[in-house]
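Below is one structure, written out as structure tokens; the observations come after it.
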Amino acid sequence: MKQGRSSSAILPAAVVLVSLCLGCAHTVRTSRADLVADRHVVTALVLWSGEEMRFDARGGFYDRGSKRFLGRTPDGIDKVVDSQSVKRVRFARFVRGAPEEAESDRVTFMAMSSRRSIDVITSLVTTRGESRVFDELGGRFGAAPWQVRGFTPSGDPIAVPLEEVLYVEIRRTNPWMSGAAAMGALAVVGVVVAVIVHSTRDSWTGVFP
């Protein structure tokens, strides 16, 4: 009887755990207009040391969770730069549907980058009905010229002009939800352990004097 109660408690706990994990990352379909709305593409960083770090055609981005700038240089070198090392940020954005280049200090840019999710473009469909699938790093909305760029799983480059994009599929991860899921997972494990201990407590008497 107690084993049945333990199994019945573990099943709901497992359902809660899976639900939390699924809430961290999910796939959404978005139009071209939504893709560029409030999107800032980092083209270069000016560091306090005086160094200017430029990113490749896909551009860099600011990760609110780690408070770092991430991207790849034109030479193909991945860069992770702590925000405290950055003096000014050069970026591209769409304002009322029109692209423009801009520059601001680090603090102002970080305040503008209000997105709390990390978006990775997994695939897109063009206005001609053609489908493009990106590798595990995903595609990125880049500036000058405005394109969605990336590589296929086999390593072939992809560059689709923005005006030819019908919609994109995005894998969206929310760092805040990931933290909540981690805490939820610990809570679920604690509940499961407590239920198992309670259900088997009486059996310990025959094992330990």
Side-chain angles (χ1 to χ4, degrees), residues 28 30-124 126 132 134-152 155-176 178:
V28 297
T30 184
S31 66
R32 176 178 58 207
D34 292 334
L35 174 66
V36 302
D38 193 32
R39 187 64 60 102
H40 301 90
V41 180
V42 179
T43 55
L45 299 174
V46 179
L47 308 183
W48 285 104
S49 63
E51 177 189 356
E52 180 179 344
M53 182 181 299
R54 293 183 176 275
F55 293 107
D56 64 8
R58 290 193 291 181
F61 66 94
Y62 173 65
D63 176 20
R64 284 177 57 97
S66 64
K67 294 184 179 180
R68 294 175 177 177
F69 289 86
L70 299 90
R72 181 172 293 176
T73 67
D75 298 331
I77 302 174
D78 292 327
K79 292 290 186 178
V80 178
V81 183
D82 188 272
S83 60
Q84 295 296 326
S85 303
V86 177
K87 182 179 182 180
R88 299 192 64 80
V89 182
R90 294 173 184 163
F91 59 97
R93 63 182 177 182
F94 266 73
V95 178
R96 292 184 292 276
E100 71 170 25
E101 303 292 327
E103 181 176 336
S104 73
D105 62 88
R106 168 181 55 89
V107 176
T108 301
F109 180 85
M110 291 167 61
M112 290 188 300
S113 302
S114 58
R115 289 179 175 268
R116 294 193 175 184
S117 62
I118 302 173
D119 294 348
V120 176
I121 300 176
T122 57
S123 64
L124 64 80
T126 69
R132 298 284 189 273
F134 295 96
D135 61 11
E136 69 279 0
L137 296 178
R140 194 170 306 157
F141 172 59
W146 296 93
Q147 295 177 331
V148 177
R149 304 181 178 95
F151 295 90
T152 66
D156 297 323
I158 299 175
V160 180
L162 183 61
E163 61 271 14
E164 296 181 11
V165 175
L166 181 62
Y167 66 82
V168 299
E169 296 277 352
I170 291 176
R171 184 174 67 251
R172 178 162 293 168
T173 304
N174 191 320
W176 301 91
S178 298

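Being a predicted model, the structure only gives us computed values, none of them experimental.
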Between Phe109 and Phe91, is the gap from one ring center to the other below 6.0 Å? yes
Show the numbers, then the answer: is there a side-chain contact (heavy atoms from CB on, under 4.5 Å) between Ile170 and Thr30? CA-CA 7 Å; Ile170 291 176; Thr30 184; 3.4 Å; yes
Using a strict 4.0 Å threshold on nitrogen-to-oxygen distance, state whether Arg90 and Glu101 make a salt bridge. no
Does the side chain of Arg72 come within less than 4.5 Å of Lys79's, by heavy atoms? no
With side chains defined as the heavy atoms from C-beta onward, is the minimum distance between Asp135 and Thr152 less than 4.5 Å? no
Heavy-atom side-chain proximity of Thr122 to Phe134 below 4.5 angstrom: no
Residue pair Asp56 / Thr73, side-chain heavy-atom distance below 4.5 Å: no
Minimal heavy-atom distance between Arg88 and Val86, with the atoms involved, is O-CG1, 3.5 Å
Please enumerate all residues that pass salt bridge (Lys or Arg N to Asp or Glu O under 4.0 Å) together with Arg32, with sequence neighbours excluded. none
For the residue pair Arg171 and Glu136, what are the closest heavy atoms and their distance? NH2-O, 3.8 Å
Just by distance, do the side chain of Asp75 and the backbone of Ile77 share a donor-acceptor pair under 3.5 Å? no
Gap between atom CG of Leu124 and atom CD1 of Ile158 - 0.5 Å precision: 7.0 Å
Do the non-hydrogen side-chain atoms of Ser123 and Arg132 ever get within less than 4.5 Å of each other? no
Rounding to 0.5 Å, atoms CZ (Phe151) and CG (Asp156) come to a distance of 9.5 Å
My understanding is that only one of Asp78, Val42, Val80 makes a side chain to side chain contact (heavy atoms under 4.5 Å, CB included) with Leu70; could you say which? Val80
Got Arg140 and Phe61 here, is their nearest side-chain heavy-atom distance under 4.5 Å? yes
Val165 side chain near Val148 side chain, heavy-atom distance below 4.5 Å: yes
If we only count heavy atoms from C-beta on, is the Arg106 to Lys87 side-chain gap below 4.5 Å? no
Given Asp82 and Ser85, is the side-chain hydrogen bond (donor to acceptor under 3.5 Å, both in side chains) satisfied, shown in steps? CA-CA 6 Å; Asp82 188 272; Ser85 303; 4.8 Å; no
Using the test side chain to side chain contact (heavy atoms under 4.5 Å, CB included), find all partners of Lys67 that sit at least two apart in sequence or belong to another chain. Tyr62, Ser83
Check side chain to side chain contact (heavy atoms under 4.5 Å, CB included) between Ser66 and all other residues, then give those that pass, not counting sequence neighbours. Asp63, Arg68
Report the distance from atom CE of Met110 to atom CG of Asp105, rounding to the nearest 0.5 Å. 10.5 Å
Determine whether more than 12 heavy atoms belonging to other residues, nucleotides or ligands lie under 6.0 Å from atom CZ of Arg54. no
First locate atom CD of Glu51, then atom CG of Leu45, and finally report the distance between them rounded to the nearest 0.5 Å. 9.5 Å
Working to the nearest 0.5 angstrom, can you tell me the gap between Arg149 CZ and Ile121 CD1? 11.0 Å
